[in-house]
Amino acid sequence: MSFPLLTATAALPAIGAVATAAVPAARRTTAKWLALLFSLATLVLAGIALARFEPGGARYQLTESHAWIKDFGVRYELGVDGIGVALMALTALLIPFVILAGWHDADPLETKSSRWRPTQGFFALILMVEAMVILSFEATDVFLFYILFEAMLIPMYFLIGGFGDRAHTGSDENAAAQRSYAAVKFLLYNLVGGLIMLAAVIGLYVVAGTFSLSEIAEARANGSLSMATSTERWLFLGFFFAFAVKAPLWPLHTWLPNAMGEATSPVAVLITAVVDKVGTFAMLRFCLQLFPEASKWATPVIIVLALISIVYGALLAVGQRDIKRLIAYASISHFGFIILGIFAMTSQGQSGATLYMVNHGISTAALMLVAGFLITRRGSRLIADYGGVQKVAPILAGTFLIGGLATLSLPGLAPFVSEFLVLVGTFSAYPAAGIVATTGIVLAALYVLVLYQRTMTGPVKAEVQGMADLKVRELVVVLPLIALLLFLGVYPKPLTEIVNPAVQHTMSDVQKKDPQPEVEAAK
């Protein structure tokens, strides 16, 4: 038997979570280093999986399949296509930076009982989320994916509610109440979506007799599986609703600003750059592959919802007074672009959407983590409490600017390539939708540049007069992310070569071809 690389990549952070949680209460630094080492080891395994993946090979590679619950036809089946392996690598890449950025976020503010171990718990929960997210990108059994889709909510609930942002303007009691509200709202929204998906998963099993993606695809190919139109549409809606909550898509988005605002900055990155990608990834892997006809049927409505997300999220970002909530609303706008690219049903749109998932993860991580360093120094999330930071902390201001410019998709930075492909793919199929989507670009420039102007330029406020610039640990977090943004912005070919074959498989699933340009005959 060959080495189970995919299982090992997901199991290693889970083992690290248990080991980190078991570290004695007084050894907080040991727990941090242990978590970091496990995350780096996971990154190595993810890198090996990425290197072993052959873009021109089989659709699903590095596959594993074992019986799990025989009576119900549930199998432990894993495999990655180009989209899954890219997002798995993104997750493994970001977690070490999340751990380093949150190095002191869970340190107790005062002496506590030896039974209370916040630091160990904080890093153990991060590793547990990593394990579940990576395995969800690998799962090719629908039931296995569903279990992971729901289980990752539990550690995220505790990370949001138990380790909230300390830069809160109100009293400690009010801060605790806000964290609890945000955590419960996150959990309830996603649980409702998950319960609806569970009904659809059961329905799929009744119709197909299996949870295996490969078996369902084979049954479709040989004609032994056919779904009534109404059945396929209801099942599609059950899956899509859960993924739209996770993504999140308007009007199911309202949990995200609360969760990102109240969580620590590293956990906010975990939410929007890692966990939320499971929703958009699942739209490609499950909605389009399992329910191609229903996906085409629902496309007009989904495109409208995506456009609303783009414009609505950007408009609310413009009006925000809170730095972290501004980034949260910007992410809602960006997820609108991703979903628009997926359901434009063109190869450019879907390639752009997949690249957007990766590039948005990197750019949002860079911006949010630098914003977190800024907020930690000042002790406030309010934009109005800043001014003139670039004069006292130029490196912090410069990295903040690059993260912001990546967020508005400046040419030369990675997100530009993604957004350009999404718009090209959308224009070719739905010109009116492409025109509306471009307003998101203008609004992004507005909220990013206004944010930078109000926080970094102008007279130096007394409260930021002695602000320290980025330290070595913080530079180790930020500089590699900026380097990736520059590299993928100039040379995205390594990523496109991996994802494009997977996109072609998805286009084949829904039996769509790119629209041909109309060329008038020469007179």
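For reference, positions follow the sequence shown, starting with 1.
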Is it the case that Y386 and S380 place a side-chain donor and acceptor less than 3.5 Å from each other?
no
Give the ring-plane orientation class for Y312 versus Y329, where under 30° counts as parallel, over 60° as perpendicular and anything between as tilted.
perpendicular
Determine, step by step, whether L369 and L481 satisfy the side chain to side chain contact (heavy atoms under 4.5 Å, CB included) criterion, reporting the C-alpha distance in whole Å, the side-chain angles of both residues, the deciding distance to 0.1 Å, and the verdict.
CA-CA 10 Å; L369 293 178; L481 296 175; 4.2 Å; yes
R285 versus F137, closest heavy-atom pair with distance
NH1-O, 3.3 Å
Side chains of D105 and F163: does their closest heavy-atom pair fall under 4.5 Å?
no
With salt bridge (Lys or Arg N to Asp or Glu O under 4.0 Å) as the criterion, how do E463 and R377 come out once you've worked through the C-alpha distance, each side chain's angles and the decisive distance to 0.1 Å?
CA-CA 10 Å; E463 294 82 0; R377 285 161 165 75; over 6 Å; no
Any donor-acceptor N/O pair, S333 side chain to I310 backbone, under 3.5 Å:
yes
Side-chain touch V477/L470, heavy atoms, less than 4.5 angstrom:
no
Using only heavy-atom distances, determine whether the side chains of Q390 and Y452 contain a donor-acceptor pair under 3.5 Å.
yes
Keeping E474 on the side-chain end and K471 on the backbone end, is there a donor-acceptor pair under 3.5 Å?
yes
Given side chains that start at C-beta, do those of L36 and W33 come closer than 4.5 Å, heavy atoms only?
yes
Around atom CZ of F158, are there more than 12 heavy atoms of other residues, nucleotides or ligands at under 6.0 Å?
no
NZ-OG1 distance between K461 and T455, expressed to the nearest 0.5 angstrom
10.5 Å
Working to the nearest 0.5 angstrom, can you tell me the gap between L37 CG and K32 NZ?
14.0 Å
Residues I332, L249; criterion side chain to side chain contact (heavy atoms under 4.5 Å, CB included); working and verdict:
CA-CA 7 Å; I332 291 169; L249 178 69; over 6 Å; no
Using a 6.0 Å cut-off, check whether atom CZ of R27 has over 12 heavy atoms from anything other than its own residue.
no
Between I338 and A353, what is the shortest heavy-atom contact and its length?
O-CB, 3.3 Å
Side-chain touch I160/I271, heavy atoms, less than 4.5 angstrom:
yes
Between D81 (side chain) and A502 (backbone), is there a donor-acceptor pair under 3.5 Å?
no
Check: I342 main-chain N/O paired with Q350 side-chain donor or acceptor under 3.5 Å:
yes
Does R454 have more than 12 heavy atoms from other residues, nucleotides or ligands lying within 6.0 Å of its CZ?
no
Between E262 and R381, does the salt bridge (Lys or Arg N to Asp or Glu O under 4.0 Å) criterion hold? Intermediate values first, please.
CA-CA 10 Å; E262 297 304 322; R381 306 198 312 247; 3.6 Å; yes
Quick one: does T364's side chain have a donor or acceptor within less than 3.5 Å of a partner on G361's backbone?
no
How are the rings of F145 and F243 set relative to one another: parallel (under 30°), tilted (30 to 60°) or perpendicular (over 60°)?
perpendicular
Donor + acceptor pair across side chains of Y189, T254 (<3.5 Å)
yes
Does the ring centre of F186 sit less than 6.0 Å away from the ring centre of Y157?
no
F149 ring centre to K246 NZ or CZ under 6.0 Å, with the angle to the axis within 45°?
yes
Can you name the nearest heavy-atom pair linking I402 to L413, along with the distance?
O-CD1, 4.0 Å
OG of S39 to CG of L93, rounded to nearest 0.5 Å, is 10.5 Å
Which atoms form the tightest heavy-atom contact between L90 and A273, and what is the distance?
CD2-O, 4.0 Å
State, to 0.1 Å, how close K185 and N258 come at their nearest heavy-atom pair, and which atoms those are.
NZ-OD1, 3.2 Å
Is the backbone of V245 close enough, under 3.5 Å, to the side chain of W255 for a donor and an acceptor to pair up by distance?
yes
Roughly how far apart are L153 CG and L187 CG, rounded to 0.5 Å?
6.0 Å
Less than 4.5 Å apart, any side-chain heavy atom of F239 and any of V201?
yes
For Y76 and T7: C-alpha separation, side-chain torsions, deciding distance, then whether side-chain hydrogen bond (donor to acceptor under 3.5 Å, both in side chains) applies.
CA-CA 10 Å; Y76 176 80; T7 293; 2.7 Å; yes
I'd like to know if the side chain of E138 reaches the main chain of G84, judged simply by a donor and an acceptor atom lying under 3.5 Å from each other, with no hydrogens or angles considered.
no
Could you check whether any side-chain N or O of T272 sits under 3.5 Å from a backbone N or O of V269, counting only pairs where one atom can act as donor and the other as acceptor?
no
Just verifying a value: how many Å separate F337 CZ and S409 OG, rounded to the nearest 0.5 Å?
7.0 Å
Any side-chain heavy atom of M467 within less than 4.5 Å of one from L374?
yes
From CA spacing to verdict: side chain to side chain contact (heavy atoms under 4.5 Å, CB included), T119, V23:
CA-CA 10 Å; T119 303; V23 173; over 6 Å; no
Hey, would you say the F335 and H360 ring centroids sit under 6.0 Å apart?
yes
Are T140 and L78 packed together at the side-chain level, in the sense that at least one heavy-atom pair is separated by less than 4.5 angstrom?
no
Side-chain H-bond candidate by donor/acceptor type, T91 with E130, under 3.5 Å
no
With heavy-atom distances below 4.5 Å as the criterion, would you say the side chains of L144 and E77 are in contact?
no
Taking all non-hydrogen atoms of both residues, which atom of L421 and which atom of G352 are closest, and how far apart?
CB-CA, 3.6 Å
Could you check whether any side-chain N or O of D469 sits under 3.5 Å from a backbone N or O of I395, counting only pairs where one atom can act as donor and the other as acceptor?
yes
Interatomic distance, I383 atom CD1 to K324 atom NZ [nearest 0.5 angstrom]
13.5 Å
Measure from the side-chain N and O atoms of S309 to the backbone N and O of W250, and report whether any donor-acceptor pair falls under 3.5 Å.
yes
Would T280 and I339 count as a side chain to side chain contact (heavy atoms under 4.5 Å, CB included) if you check the C-alpha gap in whole Å, the side-chain angles of each, and the deciding distance to 0.1 Å?
CA-CA 7 Å; T280 48; I339 296 170; 4.1 Å; yes
